[in-house]
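Since the structure comes first, as C-alpha cells, the remarks are kept for the end.
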Amino acid sequence: ICVICRAVLRCPVRLKCNHVFCKECILQWMKSRCCFRQVKCPCCRQPIDQNQMLVLFKLSKSIGRLSIKCRNAQQGCRATFPLSNEYLHISSCPYEWQLCPHEGCGQQVLRKDAQAHDQSCSHWRQPCPMGCGTLLVRENQAQHNCYRELQQRYVAERRKQRAIAANLRRKMQRMQSRMAQIRRQINLMCESLEVGDLEIEAEAGTSARTDANAASPSSSRHRHTNSSSSRVRFI
C-alpha cells in the first residue's frame, strides 16, 4: 500500500531510504514541494534524490497477480480478477456507470441499461442512416422516409427534364421550319435572278440583230454602184 495515496502500489519505486511509493505519487509529492531547499521522504524525512530512485519490476509483477474484486461490486458486479486485468474488465463491466452520450441529457446509467435508456431518452439524436443528412429525433423518426422523398424528388426532376427536352424539340422544329422557308426564299431569289439574266441576254441579242439589219441595205447599194462603174470602164 502506498503511504501517499493509500491504495495499491502502481509502478512501485524505492527511495534511498528503502521506502516504497507509487512512482506517480512520489513525483507529484516532489513537485508540490519544489519550493523547498530539499525534498524529504514522506515517511522518514530524509532527503530524496531522484537519480537514486529504483523501479521495482518484480514487485510490480507480484502485485499485478493479486486477485481483486471489481470496483463496481456495490452495483452488483461479482467478478474477481488479477489486478493487472482491472482495466480490461472495467472497459466491459456491465455495472460500470456511463454518461448518456446524447447532448443535453447528462444522466448516468449502468452499461447494461444503456441500450434501454437510449430507446427512451428524450434527447436522442441520430443522423439518418441512409445518408440524407437529416437529424432524426423521436418525433420524426417514424415519419422520416428519405428513400420515398428521394424517389419523389427524382420523379419530379425527371418530369422537369422531360419538359425541358420537349421544349427544346419544339424549338428545333420551329428553327428547322424557319430554315426551310429561308432556303425556299433563297431558291426563288436565285431563280428570279437567272430569269432576269436570260431576259437581259435576250434583249441584248435582239438589239444586235436589229443594228445588223439596219446596216445591210446601204452595203448592198454600195456594191451595186461599184459594179456599174466597172462595167462602164470596161466598155
Side-chain angles (χ1 to χ4, degrees), residues 1-36 38-130 134-144:
I1 302 297
C2 176
V3 177
I4 299 176
C5 65
R6 300 293 179 179
V8 178
L9 289 166
R10 301 284 181 151
C11 188
V13 294
R14 186 175 63 191
L15 304 181
K16 183 179 179 180
C17 59
N18 292 328
H19 289 110
V20 180
F21 306 94
C22 297
K23 182 177 181 180
E24 186 177 356
C25 293
I26 192 64
L27 291 178
Q28 289 181 355
W29 171 274
M30 294 172 64
K31 185 177 181 180
S32 63
R33 285 159 177 76
C34 61
C35 58
F36 295 97
Q38 285 186 340
V39 181
K40 297 182 180 181
C41 173
C43 296
C44 63
R45 301 300 178 184
Q46 292 187 15
I48 297 175
D49 187 357
Q50 187 173 352
N51 296 325
Q52 295 183 356
M53 286 185 185
L54 181 63
V55 180
L56 304 176
F57 293 104
K58 290 185 178 180
L59 178 60
S60 179
K61 289 182 180 180
S62 300
I63 294 174
R65 288 193 292 266
L66 295 176
S67 181
I68 62 171
K69 294 180 179 180
C70 177
R71 68 183 184 185
N72 299 316
Q74 294 182 353
Q75 283 78 257
C77 185
R78 299 289 180 265
T80 58
F81 43 84
L83 178 62
S84 57
N85 296 338
E86 181 182 15
Y87 178 79
L88 181 63
H89 172 76
I90 292 300
S91 62
S92 60
C93 178
Y95 294 92
E96 180 74 10
W97 288 106
Q98 285 186 326
L99 188 66
C100 177
H102 303 304
E103 185 178 358
C105 180
Q107 184 176 350
Q108 286 189 341
V109 294
L110 298 177
R111 182 179 279 118
K112 66 183 183 67
D113 301 329
Q115 187 174 1
H117 172 75
D118 187 73
Q119 297 296 326
S120 60
C121 181
S122 58
H123 296 83
W124 180 87
R125 301 285 188 279
Q126 181 181 348
C128 176
M130 298 294 292
T134 305
L135 188 64
L136 301 178
V137 296
R138 296 294 181 192
E139 290 75 13
N140 67 353
Q141 184 183 11
Q143 293 80 15
H144 179 71

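Reckoned from all heavy atoms, side chains included, excluding hydrogens, waters and symmetry mates.
Atom CD1 of I90 and atom SG of C70 lie 4.0 Å apart (nearest 0.5 Å). Note: C22 SG to I1 CD1 = 9.0 Å, rounded to the nearest 0.5 Å. Separating the CG atom in L99 from the SG atom in C105 is a distance of 7.5 Å, to the nearest 0.5 Å.
For R14, the side-chain hydrogen bond (donor to acceptor under 3.5 Å, both in side chains) criterion is met by no residue, not counting sequence neighbours. Q107 is linked by a side-chain hydrogen bond (donor to acceptor under 3.5 Å, both in side chains) to nothing, counting only residues two or more places apart in sequence or in another chain.
Within a 6.0 Å sphere centred on CD of Q98, heavy atoms belonging to other residues, nucleotides or ligands number more than 12. Counting heavy atoms of neighbouring residues, nucleotides and ligands inside a 6.0 Å radius, atom CD of Q115 does not exceed 12 of them.
Contact between P94 and L110 at its shortest, heavy atoms only, is O-CB, 3.9 Å. Across all non-hydrogen atoms, the minimal contact from R111 to S92 is NH1-C, 3.5 Å. P12 and V20 make their closest contact through CB-CG1, 3.8 Å (heavy atoms, listed as atom of the first residue, atom of the second, distance). In this structure, C11 and V55 approach most closely via the heavy-atom pair SG-CG1, 4.3 Å.
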Return all side-chain donor-acceptor pairs below 3.5 angstrom for residues 77-85, not counting sequence neighbours, or 'none' if the list is empty.
{"from": "R78", "atom 1": "NH1", "to": "A73", "atom 2": "O", "distance (Å)": "3.3"}
{"from": "S84", "atom 1": "OG", "to": "G64", "atom 2": "O", "distance (Å)": "3.3"}

Side-chain donor-acceptor contacts of residues 39-54 below 3.5 Å, not counting sequence neighbours, with atom names and distances?
{"from": "D49", "atom 1": "OD1", "to": "N51", "atom 2": "N", "distance (Å)": "3.2"}

Between side-chain atoms of residues 56-63 and protein atoms elsewhere (two or more places apart, or another chain), which donor-acceptor pairs fall under 3.5 Å?
{"from": "S62", "atom 1": "OG", "to": "K58", "atom 2": "O", "distance (Å)": "3.0"}

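Considering R71, Q75, H89 as possible partners of E96, the one that fulfils the side chain to side chain donor-acceptor pair (under 3.5 Å) test is R71.
Among residue pairs with one or both ends in residues 8-29, none qualify as ring pair (Phe, Tyr, Trp, His ring centres under 6.0 Å); sequence neighbours excluded.
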